[in-house]
Protein chains: 2
Amino acid sequence: MKDARKLVESYPRVPITVDCVIFGFDENELKVLLIRSDLELFKDKWSLLGDFADDNEILDDSAYRVLRERTGMDDVYLEQVKTFSKPNRHPGGRVLTVAYCSLLNIEHHQLKKMDNELHWHSVKTIKDMAFDHHEILNECYAWLQKRIQEHPLGFNLLPEKFSLRELQNLYEAILDRKMDRRNFRKKFFAMDFLIDTGLYEDDVPHRPGKLYQFDFKKYGDTKKKWSGIDF
Amino acid sequence: MKDARKLVESYPRVPITVDCVIFGFDENELKVLLIRSDLELFKDKWSLLGDFADDNEILDDSAYRVLRERTGMDDVYLEQVKTFSKPNRHPGGRVLTVAYCSLLNIEHHQLKKMDNELHWHSVKTIKDMAFDHHEILNECYAWLQKRIQEHPLGFNLLPEKFSLRELQNLYEAILDRKMDRRNFRKKFFAMDFLIDTGLYEDDVPHRPGKLYQFDFKKYGDTKKKWSGIDF
DNA sequence: TCAAAAGTGTTATAGTTACACCCATGA
DNA sequence: TCATGGGTGTAACTATAACACTTTTGA
């Protein structure tokens, strides 16, 4: 025990931060939540929501803490994506950062704090980001594109009740590609995770679509089996 | 610039290590390379190959360094998998570790150093591991199972020239499931990344199989397009 | 009555699964 | 000549892709 402590004390130590890439969906666009950087050096640039990791805090908790502190929400989807370690990525010296992705429903969350000009930016057009945050955003976006095709993450970005058009718009925005409407519907109905609420869209200047909910419970009970080699 | 440095100096600092999960394939089994732990506390337990991250070293380089130091190889497949941060994962105090997966061809690498009883262990049966290394191994194994179905990583574990039986044994071992031989062959021939060397197995007590090479160049030129929602 | 999006089905193609026999080799 | 694994094809099934018209609503 003593030698373990001694060994650890001999290690170089590095400051650790977490950066949350918080995706949202609004106006048929994938958005990401950013603030103005705290640093004078980056005062005109946009920054991911980050903070250093507290002592004795597991990094997942740090990420939830950042979310809570910045947005007031904590019941959201959150997953570790990748650790970034370029020695010069922070102008103040070496800082290692662990990127987390979070997806949150813009409608269900009016931002309470607007410190540092916190607001949503279009993922496709954002530039001028602080640190290596653009690289982090790009990796998280690629991660999201892949993940959303394997897991039903997308529903975290939508209102609880949504139309199939909204769902398809979300997929088209994230994957940046048009899809066939009939095949899209067929696919999702075949999965059988959509609950027909019996409700319809309102206030739309055209025939209202049915509203559905995602059946998280049924999905949780089902085990996805991986199969098929494909590359 | 000054305020940036000041800010960073105010952060808590954490020792960082990398741990390499080095997979190999031998005797139709997936193996992992382990050593006896350095720590007295874990003297009967097996440990992944790790080391602390040097100052000003990007973590990918730390992982390559660990590989080189422990095995003498550096032209191998290596990828970051996940960062582990439980505050009590190391008995000497908080240590954060970044897990990397490496795949290396056992035949092409006779271990030069055998310090700390370095040797290959069967992934399926290993237990009694130091720290949280069993958890790390499990996550890396799950990662490998998924990855190998999407990318041709497996070839890094085989001799340069291999028979289709060896290739199938590898997939069956990693995915832990039997596959149909005819369909397996059809699949790989259809991909068209196998080069027929014109050579045959030798010293086998049955009809010798053809030996193939993987066409890394052709694969590199091809871009995989992701398509299809599936969960 | 018009504009706009909802809703719906079929056909062709590609991929996946399941399955059995003959062949080449060394012992 | 035997044991062992190599090598091969087909048929049923499932998933995917392409494609156009009618319906409902609000303005």
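Just the heavy atoms: all of them, side chains too, but no hydrogens, waters or symmetry mates, feed the values below. Chain A is the first sequence line, chain B the second, and so forth, proteins listed ahead of strands; every chain is numbered from 1.
Atom CG in A/D180 sits about 11 Å away from atom C1' in D/dA20, given to the nearest Å. With rounding to whole Å, A/R165 atom CZ is found 5 Å from C/dA6 atom P. Rounding to whole angstrom units, CZ of residue B/F189 and C1' of C/dG15 are separated by 18 Å. As a whole-Å value, the separation of B/M179 CE from C/dT16 P is 12 Å. Rounded to an integer number of Å, the gap from CG of B/D230 to C1' of D/dA15 is 9 Å. Rounded to an integer number of Å, the gap from CG of B/N169 to C1' of D/dG6 is 13 Å. Look at CG on A/N183: it is 14 Å from P on C/dT10, rounded to the nearest Å. Regarding B/F184, its CZ atom lies at a distance of 17 Å from the C1' atom of C/dA18, rounded to whole Å.
Taking the nucleotide of DNA chain D with the nearest heavy atom to each of B/Y212 and B/P205, the more 5' of the two is matched to B/P205. Annotation: of the two residues near DNA chain D, A/P208 and B/L164, the 5′-most nearest-nucleotide partner is B/L164.
B/F231 and A/F193 have parallel rings, their planes meeting at less than 30° on a 0 to 90° scale where 60° marks the start of perpendicular. Ring pair A/F23/A/Y141 is tilted by interplanar angle, where 30° to 60° counts as tilted.
For A/K217, the salt bridge (charged side-chain N to carboxylate O under 4.0 Å, His left out) partners at least two apart in sequence or on another chain are A/D221.
For B/R185, taking side-chain heavy atoms from C-beta onward, the closest of the listed nucleotides D/dG7, C/dA5, D/dT16 is D/dG7. Picking from D/dG9, C/dA6, D/dA18 the nucleotide with the shortest atom distance to the side chain of A/K186 gives D/dA18. Checking D/dT25, C/dT17, C/dA24 against every side-chain atom of B/R207, the shortest atom distance belongs to C/dA24.
Residues B/E79 and B/Y100 are not in side-chain contact: their nearest non-hydrogen atoms beyond the backbone lie 4.5 Å or more apart.
B/K187 has a side-chain polar atom (N or O) that falls below the 4.0 Å cut-off from OP1 or OP2 of C/dT16. For D/dG7, the OP1/OP2 oxygens have no side-chain nitrogen or oxygen of B/R181 closer than 4.0 Å. Between B/R182 and the phosphate of D/dG9, there is no side-chain N or O to OP1/OP2 separation shorter than 4.0 Å.
Between B/F189 and B/Y212, the distance from one ring center to the other falls under 6.0 angstrom.
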